[in-house]
Amino acid sequence: KMLRTLMLILLLTSSAAAHESGIGPNGGMRVDAGPYRVELVPDGTKVNVHITLDDDSEVDTSAMNGMAILLIDGKPVRSALSPFSTGVLSGDAGASVPEGVKGAVQITGSDGKTVQAKF
């Protein structure tokens with residue numbers, strides 16, 4: 001557990017993967033990650049990740065997957081992400097996900113390449 005927490009802290013404090021976050025069109029935090037704009041939108045225990053290109057066009061997420069690692073109540077919570085609808089990956093965190101949650105989302109594209117978004 002200690003190693004997981006340390007890895008999450010290192011992940012959250014490094015600055016290499018994403019630009020400064022802002023608010024996306026769905027009301028969640030949005031950051032740039034590789035060729036994508038990634039928006040994290042909590043919905044109860046669900047984690048919805050909206051993915052667009054830099055020009056805000058939708059991405060076909062049907063062959064994508066991912067993993068969200070979120071810091072909830074001081075503990076890292078992992079949630080596998082799978083296709084939900086066009087441009088959205090979704091997963092269940094098993095705990096209520098607060099607005100403004102800190103964490104990271106790793107997305108694997110249909111080409112097998114992985115990008116990381118940090119919130």
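The only member of Ile51, Val115, Val59 that meets side chain to side chain contact (heavy atoms under 4.5 Å, CB included) when paired with Pro35 is Val115. If you run side chain to side chain donor-acceptor pair (under 3.5 Å) between Arg37 and each of Asp55, Asp56, Thr52, only Asp56 comes through. The only member of Leu40, Asp43, Leu89 that meets side chain to side chain contact (heavy atoms under 4.5 Å, CB included) when paired with Asn48 is Asp43.
Residues Val77 and Ile69 fail the side-chain proximity criterion, which asks for heavy atoms closer than 4.5 Å. A 4.5 Å side-chain heavy-atom check between Val47 and Leu70 finds at least one atom pair inside the cut-off. Side-chain contact between Met29 and Glu39 is absent, with no heavy-atom pair separated by less than 4.5 Å.
Expressed to the nearest 0.5 Å, how far CG of Asp32 lies from NZ of Lys118 amounts to 13.0 Å. Separation of atoms CE (Met67) and OG1 (Thr114) is listed at 12.0 Å; rounding is to 0.5 Å. To the nearest 0.5 angstrom, Phe84 atom CZ is 5.0 Å from Lys46 atom NZ. In this structure, the separation between CD1 on Ile23 and CG on Asn26 is 11.0 Å, given to the nearest 0.5 Å. Ser96 contributes atom OG, which lies 7.5 Å from atom CD1 of Ile72 (distance to the nearest 0.5 angstrom). Note that OG of Ser85 and CD of Glu58 are 8.0 Å apart. Values are rounded to the nearest 0.5 Å.
Shown here is Asp73, whose CG atom has no more than 12 heavy atoms of other residues, nucleotides or ligands within 6.0 Å.
Across all their heavy atoms, Pro98 and Pro42 have their closest contact at O-CG, 3.6 Å. Pairing each heavy atom of Val38 with each of Ala33, the nearest pair is CG2-CB, 4.0 Å. Across all their heavy atoms, Ser79 and Gly91 have their closest contact at OG-C, 3.4 Å.
Val105 and Val31 end up in the same hydrophobic cluster when Ile, Leu, Val, Met, Phe, Trp and Tyr side chains are linked at under 4.5 Å. Note on Val49: it clusters hydrophobically with Met64, by side-chain heavy-atom contacts below 4.5 Å among ILVMFWY residues. There is a path of hydrophobic side-chain contacts, each under 4.5 Å, that joins Leu53 to Ile107.
Side chain to side chain, Asp92 and Thr45 meet the donor-acceptor criterion of an N or O pair below 3.5 Å.
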